[in-house]
A.B. asks: 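There's a structure below that I have some questions on.
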Amino acid sequence: MSQATLSTTEVKCYHCGADCDDSIIVHDDKPFCCEGCKLVYELLQENELCSYYDFTQNPGVSPDKTYYAGKYAYLDMPEVQQRIIEFTDGRQTHVNWYLPQMHCSSCVYLLENLHRLHEGVISSLVNFPEKKVRVVIDTQKIKLSKLAELLTYIGYEPYISLQDVEGNAQQKNNRSRLYKIGIAGFAFGNVMMMSFPDYFGLGDTQSDHQLQTMFSLFSVVLALPVFFYSASEFFVSAWKSIRKQYLNIDAPIALAILVTFLRSLYEIGTQTGVGYLDSMTGIVFFMLLGRYFQDKTYSAISFDRDYKSYFPVAVTLLKKATSKDTEAPTTSNEQILVTNLQPGDQILIRNKELIPADVRLISERAMIDYSFVSGESVPVEKTRNEIIYAGGRQMGGAIELEVTKKVSQSYLTQLWNNDSLSQQQQSQKRDLVGQINRYFTWTVLGLGLAALAYWYLVGDLPRGINAITTILIVACPCALLLSDTFTNGNMLGMFGSNKFYLKNAQVIENLSEIDTVVFDKTGTLTLPDAAQIEFVGKPLSALQKSIVKTMSEQSSHPLSRLIAKSLAASPKEKTLTHFKEVEGQGLQAQLGDNFIIKMGSARFMGIAPASEDQETSHVYFSFGGQILGYFNIFSLYRDNLSETLQALKQRHYQTYLLSGDKPTDVGFLGHLFGSEKQLYFLQKPDDKLRFIEDLQQKGRKVLMVGDGLNDAGALLKSNVGIAVSDNINNFTPACDGILEGSQLSFLPYYVKLAKAGRRIVIQSFIISVVYNIIGLSFALTGTLSPVIAAILMPASSISIVLFTTLSSRLATRLLLKKAD
Amino acid sequence: MSALILLLSLSLLVAGAFLVAFIWSVKRGQFDDDYTPSIRILFEDKENSSSPQS
């Protein structure tokens with residue numbers, strides 16, 4: 001075992017692949033960026049799991065540095081266990097955990113060999129698309145908290161949120177749909193087989209009639225489970241929509257299925273025909289199949305997160321509320337579920353932990369990062385007795401807080417319970433197909449009823465019933481629905497391969513209709529972890545640069561981090577002593593005996609801030625009492641922003657900027673957005689929500705592009721809410737789609753593609769109408785032989801599916817290749 | 001005629017057996033994850049040092 005610390009650049013950590021900036025730990029002839037990575041390697045080596053490194057280069061994940069002992073103690077609380085354990089028989093316990101860090105085949109290898117790392121683990125099975133691992137443990141040998149610690153130790157921190165604990169049970173929808181597809185497919189194939197003799201025409205002999213009856217009876221038996229089980233979701237959804245007094249997509253298809261089935265039963269019962277059971281089972285089968293592929297897209301990404309998925313499950317309780325407790329107050333640290341927090345409880349929040357409720361600060365001082373709530377990127381300093389709202393994140397040491405409101409009543413939580421959010425969910429479900437459908441369904445129904453009335457008046461009721469059922473069967477908009485589901489399924493896949501992940505097909509429709517685009521600034525237009533830094537003043541010498549770097553590395557303040565990062569090339573200065581940080585203000589250190597170096601805000605330096613301090617963030621640098629100048633820190637904007645906004649403006653989209661931040665870069669942004677009137681700063685989360693609401697009341701269809709929880713309300717309220725994220729496995733607020741940050745410049749093309757998708761649906765609808773008209777006219781004149789009809793029916797469906805697939809692929813290629 | 005009935009029932013029986021097999025495999029969770037097994041097959045079974053306990 002050899003250990004040494006070198007100083008070179010451009011070396012990648014053997015474990016996690018991160019750049020080893022200055023200090024490389026060499027172990028076993030391999031470079032590591034930190035102790036954590038090295039420890040994981042050692043552990044794997046000890047257990048002969050080093051093939052972990054064979055499948056992918058630098059597969060590892062650097063272990064979380066905010067981890068502290070006892071973080072998972074809450075997992076041993078009975079009320080938590082009840083919720084997160086899938087199965088237990090006292091000895092064996094099954095848990096199914098979400099590990100957001102899972103990203104490659106090596107991860108699968110390591111996680112499925114957990115049993116080699118700890119004897120308490122009996123087995124583990126990874127579901128990679130869902131990024132979940134199901135672990136079976138022996139509770140006598142390893143506790144749940146220990147298992148979570150083990151996973152965290154090797155870099156895969158399990159993500160357990162309040163939502164899991166409050167627990168809406170996960171639906172196993174996918175499986176029941178598979179059953180339905182299986183049964184429908186089985187019935188479809190066999191009914192088809194039974195129908196063939198009839199297509200080719202049976203004779204008039206006695207035995208032929210008997211055969212026909214037998215085939216028909218078999219068909220009915222096969223069609224029964226399709227009608228009652230496989231097609232049930234169409235009926236349920238149609239019934240729900242009718243009760244809400246509008247027709248949804250499923251209404252006409254439910255009607256067509258019902259009519260086809262009843263008419264077939266009638267024909268078979270009266271021996272007047274063989275019915276259309278083959279068509280009915282076929283349509284159910286194809287529709288279910290289309291929906292299965294449409295729904296199957298992104299199982300690992302969650303679009304419906306609300307504040308509950310962000311909040312910690314448990315916090316450390318210092319003292320129970322003394323006012324109304326029945327049990328003896330405990331002073332020792334214990335974990336408590338955040339939902340059980342009462343006003344008056346005192347809690348401990350550690351570095352980078354989220355504050356779950358509105359609280360009052362008991363500790364002397366805290367640095368709260370509200371970027372989660374407000375988008376403001378610079379932490380705010382709070383002093384004793386100040387109120388801190390839920391959603392803030394403590395930066396720095398642990399702080400003590402007293403809860404003032406229950407979690408469910410905090411400021412942040414209220415935002416989610418805003419009335420306007422729950423109202424709009426219902427009114428939204430009117431998409432293109434829905435619109436066509438309403439007219440189409442009513443027209444067809446009207447036609448059918450007119451025919452029925454005509455024949456009734458003429459005095460030939462049976463013929464009237466025959467007419468209406470024929471019209472309903474022939475005019476079934478199944479081809480339209482088929483083309484819709486397949487086009488949308490294709491589009492979702494196309495968007496996904498271009499790193500734009502949409503929640504469902506409805507979003508494509510909504511996206512094609514928008515006419516206003518609203519952007520958030522921090523993290524959306526700007527890069528989250530990068531900044532442009534320049535030093536204004538006397539140029540720094542090499543020594544001063546390394547001093548600045550060394551000092552700023554000592555601090556966790558975001559500005560210090562950015563400065564340190566910009567000076568990565570400078571070596572460390574090791575002669576500095578007496579580091580001191582005044583949180584939120586600045587840093588101080590000594591070189592030699594009494595040569596004092598300071599970095600920080602104007603106030604920290606004891607000078608008046610420069611006039612344009614509003615514009616950027618300044619960090620002053622003083623060297624031996626003499627201020628040499630300041631670091632000017634600009635936020636760095638994403639590439640091609642002006643082209644993107646230009647493209648949007650050219651297509652007459654209105655664009656706005658809503659930022660929770662203080663006004664910065666007004667000139668630059670004003671130029672981007674056309675005028676400074678389009679920019680809105682210092683917007684609180686509910687201001688943003690109201691802004692969107694105002695636009696919508698003016699009849700605009702709004703696309704909101706945001707990133708943080710502070711945009712959450714606006715994202716929900718808007719017609720389409722897109723969350724921008726640089727790592728899709730990170731946690732994004734509830735939204736309609738997740739866009740990878742690097743792809744933001746393609747936004748105009750995505751909207752265009754959504755429009756193309758809509759055109760494809762309309763085109764294929766026209767094709768299917770043409771098919772129907774041709775088929776109907778042949779059928780009316782009686783020149784269509786059953787065999788031809790039997791061939792045409794699936795052929796028309798397949799040609800439409802082919803058409804939508806090819807044209808959506810073509811559209812994607814044309815639009816997005818041009819964008820490159 | 002009776003031969004036809006026999007054949008028909010037999011074919012339905014065979015098809016039904018496949019349906020049952022499909023439903024059984026769904027129930028066993030074989031369709032829950034259609035990606036990970038393709039990774040898993042690449043792993044070497046080097047279980048000589050310590051075998052999993054059950």
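In the text below, chain A, chain B and the rest are named by the order of the sequence lines, each starting its count at 1.
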A.B. asks: With a 4.5 angstrom heavy-atom cut-off, which part of B:Leu19 approaches chain A: side chain, backbone, both or neither?
C.D. replies: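 Contact with chain A is through the side chain of B:Leu19 alone.
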A.B. asks: Can you confirm whether A:Leu224 sits close enough to A:Tyr229 that some side-chain heavy atom of one is under 4.5 Å from a side-chain heavy atom of the other?
C.D. replies: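 No, too far: nothing below the 4.5 Å cut-off.
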A.B. asks: Which bit of A:Asn190 comes within less than 4.5 Å of chain B, counting heavy atoms only: side chain, backbone, both or neither?
C.D. replies: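 Contact with chain B involves the side chain of A:Asn190 alone.
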A.B. asks: Could you tell me if the side chain of A:Tyr53 sits less than 4.5 Å from the side chain of A:Tyr41, heavy atoms only?
C.D. replies: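 Side-chain contact under 4.5 Å: yes.
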A.B. asks: Can you tell which part of A:Leu222 gets under 4.5 Å to a heavy atom of chain B, answering side chain, backbone, both or neither?
C.D. replies: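 For A:Leu222, side-chain heavy atoms alone lie under 4.5 Å from chain B.
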A.B. asks: Check whether any side-chain heavy atom of A:Ser195 lies under 4.5 Å from a side-chain heavy atom of A:Val191, and answer yes or no.
C.D. replies: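 Yes, side chains in contact.
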A.B. asks: Got a donor-acceptor contact below 3.5 angstrom from the B:Arg40 side chain to the A:Glu112 backbone?
C.D. replies: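 No, the answer is negative, given that no donor and acceptor are paired below the 3.5 Å cut-off.
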